[in-house]
Amino acid sequence: MTHVAVLKGGRSLEREISLRSGQRAEEALRGLGFRVTEIDVGHDLVSRLRELRPDACFVALHGRDGEDGTVQELLEILGIPYTGSGVSACIRCTDKVLAKHHFVDAGIPTPPFFSFTETAFKQLGAADALDEIAERLGFPIVVKPADQGSSLGLQVAKSRDELPRALVAAFSYSSKVLLECHVAGRDLAVSVLEGEPLPIVEAVPRGGVYDFDARYEFGETDFICPANLDPDVAEQAQELAVDVYELLGCRDVARVDLLCDADGGLHVLEANVIPGLTETSLLPLAADQAGITFDALIERMINAALARGGRAGAQG
């Protein structure tokens, strides 16, 4: 019987979401006939994996250590195949600033932005440039940590007076922040499965902002799938998502988040290499709309990892 270790939990601020994603993956894998071992990732991860010697790992870790290439690097060293993108793609996607520079260089539309480290603000006087930043971006300005998921730490500064407080909040989550021109529009997500786009999901948060609570609390957001878009806009959104998936070197699955403005213009925000698998997550919803059950989705993901084998894709 094929033995799969499900990696979940960990130390990131998205721990609880990861536990929920991992639990759903475990249940599906057991139902599919796999032998499953749950691992709440901690300091003993390497020793546990050496002892268990699983055939593959299903990575359900969200946030730091799980999506930034850290655990992927360890699995490469141990020669254990795993689900999802490889090390370099994880690094590119997790750093929102790095990803956005890739978008700009490739001509992929993304909201104008600036980014600074905490050091730049404390030691290089970047705070004195806030007026210029505000003039260039205009208000509102979206302020968010450069390497957090699930909208953690996201703030919207509607005026110059609100900008310092938004920066302090974002810096409490990361040593680097992203200041981004606010685009008024519809929140869209295009999941890409093995290079093919799934139906588009539109998130309509009842509170107006698609933040952490709106993402994961039942009843806080209405999800529409497929999104009610002009066919040309929908096709363009799916093509953009595949372009981003390929540009950043993703594999297996990824979710690309976009905004659609009032004129039908699309703006790519980011790519997520380990989309959530919870009851309110967008990847399972899109897969279901495409006729792919949750169990079938999990089976495709683990089979892709098993097909790669150990020590495959160390630079992917």
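Along the sequence shown, residues carry numbers from 1.
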Verdict with reasoning, Gln289 to Leu198, per side-chain contact (heavy atoms from CB on, under 4.5 Å):
CA-CA 8 Å; Gln289 182 64 36; Leu198 296 176; over 6 Å; no
Take Ile39 and Leu7 through the test side-chain contact (heavy atoms from CB on, under 4.5 Å) and record every step on the way to the result.
CA-CA 5 Å; Ile39 299 181; Leu7 308 186; 4.0 Å; yes
Between Phe113 and His101, does the ring-ring contact (aromatic ring centres under 6.0 Å, His included) criterion hold? Intermediate values first, please.
CA-CA 10 Å; Phe113 68 98; His101 279 293; 5.1 Å; yes
Would Phe34 and Ile298 count as a side-chain contact (heavy atoms from CB on, under 4.5 Å) if you check the C-alpha gap in whole Å, the side-chain angles of each, and the deciding distance to 0.1 Å?
CA-CA 11 Å; Phe34 291 92; Ile298 299 302; over 6 Å; no
What's the verdict on side-chain contact (heavy atoms from CB on, under 4.5 Å) for Phe103 and Leu248, showing C-alpha distance, side-chain angles and the deciding distance?
CA-CA 9 Å; Phe103 300 160; Leu248 300 179; 4.0 Å; yes
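No donor-acceptor distance shorter than 3.5 angstrom exists from the side chain of Asp95 to the backbone of Arg92, with no hydrogens or angles considered. The backbone N or O of Gly10 sits less than 3.5 Å from a side-chain atom of Asp40, completing a donor-acceptor pair. Distance alone, capped at 3.5 Å, is enough to place a donor-acceptor pair between the Ser115 side chain and the Val177 backbone. Remark: side-chain polar atoms of Ser18 are paired, donor with acceptor, to backbone N or O of Gly9 under 3.5 angstrom. Side-chain atoms of Thr83 never come within 3.5 Å of backbone atoms of Met301 as a donor-acceptor pair (strictly under, hydrogens ignored). When atom types are taken as modelled, the side chain of Arg255 and the backbone of Pro275 share no donor-acceptor pair closer than 3.5 angstrom. With hydrogens and angles ignored, the 3.5 Å screen pairs a side-chain donor or acceptor of Asp261 with a backbone N or O of Asp263. Put simply, the side chain of Gln155 never gets that close to the backbone of Lys144: no donor and acceptor are under 3.5 Å apart.
The OG atom of Ser191 lies 10.5 Å from the CD atom of Gln238; values are rounded to the nearest 0.5 Å. The distance from the CG atom of Leu297 to the CD1 atom of Ile302 is 12.0 Å, given to the nearest 0.5 Å. For the atom pair SG of Cys260 and CG of Asp187, the computed distance is 10.5 Å after rounding to the nearest 0.5 Å. With values rounded to the nearest 0.5 angstrom, Asp252 atom CG is found 10.5 Å from Ile274 atom CD1. Annotation: the span from Leu137 atom CG to His182 atom NE2 amounts to 12.5 Å, rounded to 0.5 Å. If you take CG on Leu258 and CD1 on Ile200, they are separated by 8.0 Å, rounding to the nearest 0.5 Å.
The closest side-chain heavy-atom distance from Ile292 to Arg300 is below 4.5 Å. Lys96 is not listed as a side-chain neighbour of Pro145, based on a closest heavy-atom distance of 4.5 Å or more. When side chains are defined from C-beta on, Val36 does not count as touching Phe58, because their heavy atoms never get closer than 4.5 Å. Pro164 is listed as a side-chain neighbour of Arg160, based on a closest heavy-atom distance under 4.5 Å. In this structure, Glu180 and Leu269 have side chains that are in contact, with non-hydrogen atoms separated by less than 4.5 Å. Under the 4.5 Å side-chain criterion, counting only non-hydrogen atoms from C-beta, Leu240 is in contact with Pro109. Residues Phe116 and Ile133 form a side-chain contact, since some pair of their non-hydrogen atoms from C-beta on lies under 4.5 Å apart. Side chains of Arg20 and Glu279 form a contact here, defined as non-hydrogen atoms less than 4.5 Å apart.
For the pair Arg64 and Asp147, the salt-bridge criterion is met [side-chain N within less than 4.0 Å of a carboxylate O]. Ion pairing of Arg35 with Asp55 is absent here, as no side-chain N (NZ or NE/NH1/NH2) approaches a carboxylate O to less than 4.0 Å. Ion pairing between a basic and an acidic side chain is recognised when a charged N comes within 4.0 Å of a carboxylate O; Lys8 and Glu26 show such pairing.
A donor atom on one side chain and an acceptor atom on the other are found under 3.5 Å apart for Ser281 and Thr278. Residues Asp295 and Thr293 bring no donor and acceptor atom of their side chains to less than 3.5 Å of each other.
Considering every non-hydrogen atom in both Gly309 and Pro81, the closest pair reads O-CB, 3.4 Å. Contact between Ala89 and Val273 at its shortest, heavy atoms only, is O-CG1, 4.2 Å. Shortest non-hydrogen contact noted between Ala157 and Phe139 is O-CD2, 3.4 Å. Of all non-hydrogen atoms in Tyr82 and Gln72, the two that sit nearest each other are CE1-CG, 3.5 Å. Scanning all heavy atoms of the two residues, the minimum distance from Glu162 to Val156 falls at OE1-O, 3.7 Å. The two atoms that bring Cys90 and Ser85 nearest to each other are SG-O, 3.6 Å, heavy atoms only.
The number of heavy atoms from other shown groups lying within 6.0 Å of CD (Glu135) does not exceed 12. The environment of Asp105 atom CG is dense: over 12 non-hydrogen atoms of other residues, nucleotides or ligands sit within 6.0 angstrom.
The only member of Ile108, Leu188, Leu259 that meets side-chain contact (heavy atoms from CB on, under 4.5 Å) when paired with Leu266 is Leu188. When each of Ile17, Leu13, Leu19 is checked for a side-chain contact (heavy atoms from CB on, under 4.5 Å) with His62, only Ile17 meets the rule.
A continuous path of hydrophobic side-chain contacts links Leu229 to Val190 [ILVMFWY only; heavy atoms under 4.5 Å]. No chain of hydrophobic side-chain contacts below 4.5 Å, direct or via other Ile, Leu, Val, Met, Phe, Trp or Tyr residues, connects Val268 to Val104. No chain of hydrophobic side-chain contacts below 4.5 Å, direct or via other Ile, Leu, Val, Met, Phe, Trp or Tyr residues, connects Val256 to Leu285. One hydrophobic cluster, built from ILVMFWY side chains closer than 4.5 Å, cannot hold both Tyr245 and Leu282; they sit in different ones. Note on Leu283: it clusters hydrophobically with Leu32, by side-chain heavy-atom contacts below 4.5 Å among ILVMFWY residues.
Because its NZ or CZ atom is not both nearer than 6.0 Å to the ring centre of Phe114 and within 45° of the ring axis, Arg136 does not count as a cation-pi partner of that residue.
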